[in-house]
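Remarks on the structure that follows.
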Amino acid sequence: MEQVIVNDVGPRDGLQNDSTLVTPEDRVRLINSLLDAGVRSIEAASFVSPKAVPKMANADQVFAALDQEAADFSALVPNLKGYELAKKAGARSVAVVLSATETMNQKNINMSLDQTISVCKEIVAQALRDGITPRSYLSVAVECPYEGMVEEQVIEGLSAMMLEAGAKEVIVADTIGAANPAQVKSLFTRLVSAFGAPTISGHFHDTRAMALANTWQALECGIRKFDASIAGLGGCPFAPGASGNLATEDLVLMLNDAGFDTGIDLNKLLRSVELTGQLVQHPVGGRSMAYLNRRTENQQ
Ligand code: HMG
Ligand code: MG
């Protein structure tokens, strides 16, 4: 069976944007439940300003509680300060956040596009020196909520820049869920032919119910690593119009059903969905939840 890596970004993308503040202890409980379901790649937290994103405060406490051997844990870092904090907390993998447009970088991390490129390159270089794996988000890869459509050649150029700088992977992100499968086919075909599939992963938000279709399209282009968020939570607080990420349970249902090896037990993953709902105290779950709940009842 062909392997597909499912990287759960729920503890970061999911919880950063929720109205409920979840304690570091409970964020660790969520991570442990994902581990129990077989998830082996998890974005555990972000080291960002607690004033900008209060829900991600105390990321060091989350990292301190993780068994680094249990999975590939990554930390999102927006600047060198965040990088140093992540390193001190024991992160072995970091993801920098480069957005494709001037305005999105300013709104998200208060830096111009040029400043962001230079900071991202500096972090990548430092991570390589420290033996930490650097990856790079490429946000608003199809459409920016402030500047509109983004040209494919811009994404190719920025991807080339980050890969040349030493990033091990570019995470191509549809931040506001604006992409459709035809656009994804065109963009990912171009990126795979330029850089090869193993250096690219997909991060689709599900605002318009197209995240699974977009994922399948990227899969057809050869991509074998996707971000998803447990229970479908998520969104960047600085990107108006962003709603939840592709739900991990929807992605795993599709991949397992289609004969890919994710290593994830869907029944156990439903416990993580349930725990997520308890932690954020409102109804959660991907688009397949009604079916999955019925299936579980029939199994009992
Ligand atoms: P700034 O105000 O320009 O920064 O914010 P500053 O350097 O002037 O510092 C301001 C204060 O923050 C200072 O503290 C710093 O020490 C502190 P004070 O002196 O006021 O007490 N500070 C930090 N504290 C902790 N960790 C840090 C850090 N840096 C400075 N790393 C800054 C600039 C980048 C800090 C801020 O804008 C920020 O934290 N932004 C984060 C935004 C964010 O988390 N966005 C969501 C993640 S991106 C996303 O969701 C998209 C993604 O999912 C992909 C997709 O879907 O597209 C990844
Ligand atoms: Mg996101």
Side-chain angles (χ1 to χ4, degrees), residues 7-18 42-63 74-89 91 93-101 103-112 115-116 118-120 122-123 126 135-147 150 155 158-159 162 167 169-179 201-207 211 214-215 226-230 232-248:
N7 178 47
D8 199 299
V9 296
R12 195 277 305 166
D13 206 336
L15 296 181
Q16 74 181 7
N17 198 39
D18 201 83
I42 299 174
E43 190 151 274
S46 59
F47 289 81
V48 299
S49 160
K51 283 179 195 152
V53 186
K55 309 287 163 41
M56 287 291 105
N58 303 312
D60 55 338
Q61 292 175 23
V62 173
F63 267 83
S74 70
L76 181 149
V77 296
N79 56 13
L80 270 166
K81 175 167 180 152
Y83 170 76
E84 288 302 333
L85 290 171
K87 180 175 123 183
K88 197 167 159 218
S93 171
V94 293
V96 297
V97 193
L98 172 60
S99 297
T101 64
T103 317
M104 190 62 225
N105 286 297
Q106 282 171 3
K107 299 278 184 189
N108 195 30
I109 56 173
N110 199 24
M111 291 180 219
S112 69
Q115 269 177 301
T116 309
S118 128
V119 166
C120 287
E122 222 178 318
I123 295 173
Q126 188 56 48
R135 300 179 306 134
S136 177
Y137 277 104
L138 195 30
S139 286
V140 298
V142 174
E143 188 176 331
C144 169
Y146 303 102
E147 296 191 23
V150 174
I155 301 306
L158 292 172
S159 301
M162 291 316 299
E169 180 185 307
V170 170
I171 310 155
V172 178
D174 179 18
T175 312
I176 54 170
S201 71
H203 176 112
F204 297 104
H205 283 260
D206 203 21
T207 317
N214 289 337
T215 300
F226 295 96
D227 288 358
S229 174
I230 191 67
L233 298 183
C236 174
F238 309 101
S243 71
N245 287 68
L246 169 60
T248 310

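Order of listing sets the numbers, starting from 1, for every ligand and every atom in it.
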Return a table of N or O atom pairs, ligand 1 on one side and protein on the other, at distances under 3.5 Å, rounded to 0.1 Å.
{"unit_1": "ligand 1", "atom_1": "3 (O)", "unit_2": "Asn110", "atom_2": "ND2", "d": "2.7"}
{"unit_1": "ligand 1", "atom_1": "16 (O)", "unit_2": "Lys81", "atom_2": "NZ", "d": "3.0"}
{"unit_1": "ligand 1", "atom_1": "20 (O)", "unit_2": "Lys51", "atom_2": "NZ", "d": "2.6"}
{"unit_1": "ligand 1", "atom_1": "21 (O)", "unit_2": "Lys51", "atom_2": "NZ", "d": "3.3"}
{"unit_1": "ligand 1", "atom_1": "26 (N)", "unit_2": "Val48", "atom_2": "O", "d": "3.2"}
{"unit_1": "ligand 1", "atom_1": "29 (N)", "unit_2": "Asn79", "atom_2": "ND2", "d": "2.9"}
{"unit_1": "ligand 1", "atom_1": "31 (N)", "unit_2": "Phe47", "atom_2": "O", "d": "3.0"}
{"unit_1": "ligand 1", "atom_1": "31 (N)", "unit_2": "Asn79", "atom_2": "OD1", "d": "2.9"}
{"unit_1": "ligand 1", "atom_1": "31 (N)", "unit_2": "Gly82", "atom_2": "N", "d": "3.2"}
{"unit_1": "ligand 1", "atom_1": "39 (O)", "unit_2": "Ser49", "atom_2": "N", "d": "2.8"}
{"unit_1": "ligand 1", "atom_1": "40 (N)", "unit_2": "Asn108", "atom_2": "O", "d": "3.3"}
{"unit_1": "ligand 1", "atom_1": "45 (N)", "unit_2": "Asn108", "atom_2": "OD1", "d": "2.8"}
{"unit_1": "ligand 1", "atom_1": "50 (O)", "unit_2": "Arg12", "atom_2": "NH1", "d": "3.0"}
{"unit_1": "ligand 1", "atom_1": "50 (O)", "unit_2": "Gln16", "atom_2": "NE2", "d": "2.8"}
{"unit_1": "ligand 1", "atom_1": "53 (O)", "unit_2": "Arg12", "atom_2": "NH1", "d": "3.3"}
{"unit_1": "ligand 1", "atom_1": "53 (O)", "unit_2": "Arg12", "atom_2": "NH2", "d": "2.9"}
{"unit_1": "ligand 1", "atom_1": "53 (O)", "unit_2": "Asp13", "atom_2": "OD2", "d": "2.9"}
{"unit_1": "ligand 1", "atom_1": "53 (O)", "unit_2": "His203", "atom_2": "NE2", "d": "3.4"}
{"unit_1": "ligand 1", "atom_1": "56 (O)", "unit_2": "His203", "atom_2": "NE2", "d": "3.0"}
{"unit_1": "ligand 1", "atom_1": "56 (O)", "unit_2": "His205", "atom_2": "NE2", "d": "3.0"}
{"unit_1": "ligand 1", "atom_1": "57 (O)", "unit_2": "Ser139", "atom_2": "OG", "d": "2.7"}
{"unit_1": "ligand 1", "atom_1": "57 (O)", "unit_2": "Thr175", "atom_2": "OG1", "d": "2.5"}

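Within the 4.5 Å cutoff, the side chain of Asp206 has no heavy atoms near those of the Asn245 side chain.
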Is there a side-chain hydrogen bond (donor to acceptor under 3.5 Å, both in side chains) between Asp13 and Ser229? Walk through the geometry before answering. CA-CA 7 Å; Asp13 206 336; Ser229 174; over 6 Å; no
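Atom OG of Ser159 is separated from atom CD1 of Ile171 by 11.0 Å, given to the nearest 0.5 angstrom. The CD atom of Glu143 lies 11.0 Å from the OG1 atom of Thr101; values are rounded to the nearest 0.5 Å. Atoms OG1 and CG, on Thr116 and Asn110 in that order, are 9.5 Å from each other to the nearest 0.5 Å. The distance from the CE atom of Met111 to the CG atom of Leu98 is 10.5 Å, given to the nearest 0.5 Å.
Take Asn58 and apply the side-chain contact (heavy atoms from CB on, under 4.5 Å) test, not counting sequence neighbours, and it matches Pro24, Asp60, Gln61.
The count of protein N, O or S atoms under 2.8 Å from the Mg ion (ligand 2) stands at 3, with waters excluded from the count.
Relative orientation of the His203 and Tyr137 rings is perpendicular, given thresholds of 30° and 60° on the angle between their planes.
The list of salt bridge (Lys or Arg N to Asp or Glu O under 4.0 Å) pairs with a residue in residues 75-88, not counting sequence neighbours, reads Glu84-Lys87, Lys87-Asp130.
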